[in-house]
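Single-structure report; data block below.
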Amino acid sequence: QVQLVESGGGLVQAGGSLRLSCAPSGRTFSNWSMGWFRQAPGKEREFVAAHRWSGGTTYYADSVKGRFTISRDNAGNTVYLQMNGLKSEDTAVYYCAASTSTFSGVRDYYSKTYNYNYWGQGTQVTVSS
């Protein structure tokens, strides 16, 4: 069973930065597409960013575009979410997700939770205003 392990969450002031990391246990995911989602209390889980395995195309939610950057290391062992210019509305539990499908979709495909096979346990990000 693949496990995704996230790290890097914490408490930060508005305008600050954090970098989240996600690594699988027991294997690499160089040919998987990876996504980040978040869920605030009382709200549904929402798409944040995705990195498509083929071509390395990245996709972002409008709310984070220009502030967040998704990337992965060359070995495919770790995926990152660099978050700059954090706002109080970014406060949520952030989840890493992996899609093992070789389908190369567009943004709408990667924004759907049901297109991901594996999920991390989540890491809390709290932005104080």
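What you see is a predicted model; the values in this text were computed from it and never measured. Side-chain atoms are counted along with the backbone in the values below, which use heavy atoms only and exclude waters and symmetry mates.
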Working to the nearest 0.5 angstrom, can you tell me the gap between [X] [atom1] and [Y] [atom2]?
X	Y	atom1	atom2	value
Y118	L4	OH	CG	9.0 Å
I70	Q82	CD1	CD	12.5 Å
S128	L86	OG	CG	10.0 Å
L18	N84	CG	CG	9.5 Å

Taking all atoms of both residues into account, what is the closest heavy-atom pair of [X] and [Y], and its distance?
X	Y	value
H51	S71	CD2-CA, 4.4 Å
R38	A92	CB-CB, 3.8 Å
A98	M34	CB-SD, 3.6 Å

Derivation of the side chain to side chain contact (heavy atoms under 4.5 Å, CB included) call for E46 and Q39: CA-CA 6 Å; E46 66 174 4; Q39 188 166 18; over 6 Å; no
Polar side-chain atom of R52 near backbone of G105 as donor-acceptor pair, under 3.5 Å: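 Looks like yes, one N/O pair under 3.5 Å.
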Exam field: side chain E6 to backbone Q121, donor-acceptor pair closer than 3.5 Å: yes
If you group Ile, Leu, Val, Met, Phe, Trp and Tyr by side-chain heavy-atom gaps below 4.5 Å, do [X] and [Y] land in one group?
X	Y	value
V2	V79	yes
L81	V5	no
M83	V64	yes

Distance only, no hydrogens: is a donor on one side chain within 3.5 Å (strictly under) of an acceptor on the other, for [X] and [Y]?
X	Y	answer
E89	T91	no
Y80	R19	no
N117	T100	yes

Full working for side chain to side chain contact (heavy atoms under 4.5 Å, CB included) between V12 and T126: CA-CA 6 Å; V12 64; T126 303; over 6 Å; no
Intermediate values then yes/no, side chain to side chain donor-acceptor pair (under 3.5 Å), N115 and S99: CA-CA 6 Å; N115 287 323; S99 170; over 6 Å; no
Axial cation check for W119 ring with R45, 6.0 Å and 45° limits: yes
Does any part of the side chain of [Y], heavy atoms only, come nearer than 4.5 Å to the side chain of [X], both counted from C-beta?
X	Y	answer
T58	F68	no
D90	R67	yes
S104	W53	yes
V93	T123	no

Residue that, paired with F37, satisfies ring pair (Phe, Tyr, Trp, His ring centres under 6.0 Å) out of Y114, Y95, Y110, Y116: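 That would be Y116; it is the only one of Y114, Y95, Y110, Y116 passing the ring pair (Phe, Tyr, Trp, His ring centres under 6.0 Å) with F37.
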Derivation of the side chain to side chain donor-acceptor pair (under 3.5 Å) call for S21 and T78: CA-CA 7 Å; S21 301; T78 306; over 6 Å; no
Stepwise side chain to side chain contact (heavy atoms under 4.5 Å, CB included) check, Y109 with S101: CA-CA 11 Å; Y109 176 87; S101 171; 3.7 Å; yes
Residue pairs passing the disulfide (SG to SG under 2.5 Å) test where at least one lies in residues 21-75, sequence neighbours excluded: C22-C96
Contact list for residues 98-129, test disulfide (SG to SG under 2.5 Å), sequence neighbours left out: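 Sorted result for residues 98-129: empty, none.
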Side chain to side chain donor-acceptor pair (under 3.5 Å) partners for R107, two or more places apart: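 With neighbours one apart ignored, the set is empty.
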Test salt bridge (Lys or Arg N to Asp or Glu O under 4.0 Å) applied to D62 and K65, step by step: CA-CA 5 Å; D62 290 341; K65 198 174 297 182; 3.3 Å; yes
Residues F47, Y60; criterion side chain to side chain contact (heavy atoms under 4.5 Å, CB included); working and verdict: CA-CA 8 Å; F47 170 73; Y60 297 94; 5.5 Å; no
